[in-house]
Number of protein chains: 2
Amino acid sequence: MDTADLQAFAARAGEVADILKLLGNRARLMILCKLAELGTASVGDLAEAIGLSQSATSQHLAKLRAEDIVSFRRDGQTLWYEVADPRLGRLLDSLHAIYCEDIT
Amino acid sequence: MDTADLQAFAARAGEVADILKLLGNRARLMILCKLAELGTASVGDLAEAIGLSQSATSQHLAKLRAEDIVSFRRDGQTLWYEVADPRLGRLLDSLHAIYCEDIT
DNA sequence: AGCCTAAATTAGCAACATCTAATGTAAGGA
DNA sequence: TCCTTACATTAGATGTTGCTAATTTAGGCT
């Protein structure tokens, strides 16, 4: 593999690794699994569902937002989050198929 | 979801997140992609293929070994590594399908 | 306006990750 | 035995992560 190929490979691997880094945290993975399961959820719903504080949950959502992995719409005081990136939806499906085959 | 369900969910998410954390590093992801592509490779091969020092490459391999994601067999002075966990093989295939559809 | 709830943001700290440089170990060859 | 090659390991500096606590912003209600 020549230098240009290595750089292209490294660049793409870096992008994908950045996404996987976001999933490589228990709290964020739980958030994304919940969103995949429920379709949409508020910050409070998510915080309770994963057993984390409001602040910590919000900070995790900020990271996911920064990579355009999730989006939200406002309804009054409540923000409803959802998975925004279809590729991430596919990845979450794959993860479920591989690591949660035993779960209904 | 009751407390027992949350704990089971958290436990499983933690296990999967630990694996994804290993993939969430450019160098390690490149190593695993190379192993998936080549089937088997030596430490020196991998270090050169990803443009990293021998030491850093070896330390990444040590982390992957610790989670039983890769294994190796010795042939003289050379250690030949390969992907050991079939679920990780499936995950790498999925990642390739999702994020590298444009690559031959 | 004043108050409440929902969520975001900031500051700060402890824990963790990742590199380089140096050293150790194992195997083969002269 | 001595040297070389292939790889592992350790030590240490530096950057990053993920929490809590405190504060701020936004919206709805009386």
Side-chain angles (χ1 to χ4, degrees), chain A residues 6 10 13-35 38 40-82 84, chain B residues 6 10-11 13-32 34-35 38 40-82 84:
Chain A
L6 173 54
E15 288 167 21
V16 178
D18 285 345
I19 293 164
L20 294 172
K21 198 170 299 184
L22 287 174
L23 304 206
N25 169 276
R26 189 181 63 171
R28 280 193 299 270
L29 186 57
M30 289 174 84
I31 286 172
L32 291 168
C33 288
K34 273 290 158 192
L35 289 177
L38 302 174
T40 194
S42 70
V43 180
D45 289 345
L46 293 170
E48 199 199 342
I50 70 179
L52 205 60
S53 72
Q54 176 265 319
S55 176
T57 303
S58 181
Q59 289 179 59
H60 285 304
L61 286 167
K63 289 202 173 192
L64 296 172
R65 254 165 23 224
E67 290 274 350
D68 292 319
I69 279 177
V70 301
S71 62
F72 66 87
R73 62 188 163 74
R74 179 181 284 279
D75 177 21
Q77 295 171 262
T78 302
L79 304 185
W80 294 97
Y81 275 85
E82 63 189 3
Chain B
L6 173 54
E15 288 168 21
V16 178
D18 284 346
I19 293 164
L20 294 173
K21 198 170 300 185
L22 287 175
L23 305 206
N25 170 275
R26 189 181 65 171
R28 279 193 299 270
L29 185 57
M30 290 173 83
I31 286 172
L32 291 169
K34 274 289 159 193
L35 289 177
L38 301 173
T40 195
S42 69
V43 180
D45 290 344
L46 292 170
E48 200 199 341
I50 70 179
L52 205 60
S53 72
Q54 176 265 318
S55 176
T57 304
S58 182
Q59 289 178 59
H60 285 304
L61 287 167
K63 289 202 172 192
L64 297 172
R65 252 164 27 222
E67 290 274 350
D68 293 319
I69 280 178
V70 301
S71 62
F72 66 88
R73 62 189 163 72
R74 179 180 284 279
D75 177 22
Q77 296 171 262
T78 302
L79 304 185
W80 295 96
Y81 276 85
E82 62 190 2

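Residue numbers begin at 1 in each chain, while the letters A, B, ... track the order of the sequences.
Along DNA chain C, the stretch of nucleotides lying under 4.0 Å from any heavy atom of chain A spans, 5' to 3', C:dT5 to C:dT10.
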| Tell me, for nucleotides 25-30 of chain D in 5' to 3' order, what letter each nucleotide earns: B for a base near a protein heavy atom under 4.0 Å, S for only sugar-phosphate near one, - for neither? | --BS--

| Summary of protein contacts for nucleotides 11-23 of chain D, nucleotide by nucleotide, where a base hit scores B, a sugar-phosphate-only hit scores S (4.0 Å, heavy atoms) | ------SSBBBB-

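Listed by chain and residue number, A:Thr40, A:Trp80 satisfy the side chain to side chain contact (heavy atoms under 4.5 Å, CB included) test with A:Arg73 (two or more places apart in sequence, or in another chain). For A:Asp45, the side-chain hydrogen bond (donor to acceptor under 3.5 Å, both in side chains) criterion is met by A:Ser42, not counting sequence neighbours.
Closest non-hydrogen pair, B:Ala13 versus A:Met30, comes out as CB-CG, 3.4 Å. For the pair B:Asn25 and B:Ala27, the tightest heavy-atom approach, listed with the atom from each and the gap, is OD1-N, 3.0 Å.
A distance of 11.5 Å separates CG in A:Leu29 from CD in B:Glu15, rounded to the nearest 0.5 Å. One finds the CG atom of B:Leu38 at 12.0 Å from the CD atom of B:Glu82 (value rounded to the nearest 0.5 Å).
Across all strands shown, A:Thr78 has heavy atoms under 4.0 Å from sugar-phosphate atoms exclusively, and none from any base. Using a 4.0 Å heavy-atom criterion, one finds that A:Phe72 contacts no nucleic acid atom at all.
Dashed line: the shortest gap from a side-chain N or O of B:Arg65 to OP1 or OP2 of D:dT9 is under 4.0 Å.
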Below 3.5 Å, can you tabulate the donor-acceptor pairs from side chains in residues 52-70 of chain A to any protein atom, sequence neighbours excluded?
from	atom 1	to	atom 2	distance (Å)
A:Ser53	OG	A:Ala56	N	3.0
A:Ser55	OG	A:Gln59	NE2	3.1
A:Thr57	OG1	A:Ser53	O	2.7
A:His60	ND1	A:Arg28	NH1	3.1
A:Arg65	NH1	A:Tyr81	OH	2.8

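Side-chain contact between A:Leu46 and A:Ile50 is absent, with no heavy-atom pair separated by less than 4.5 Å.
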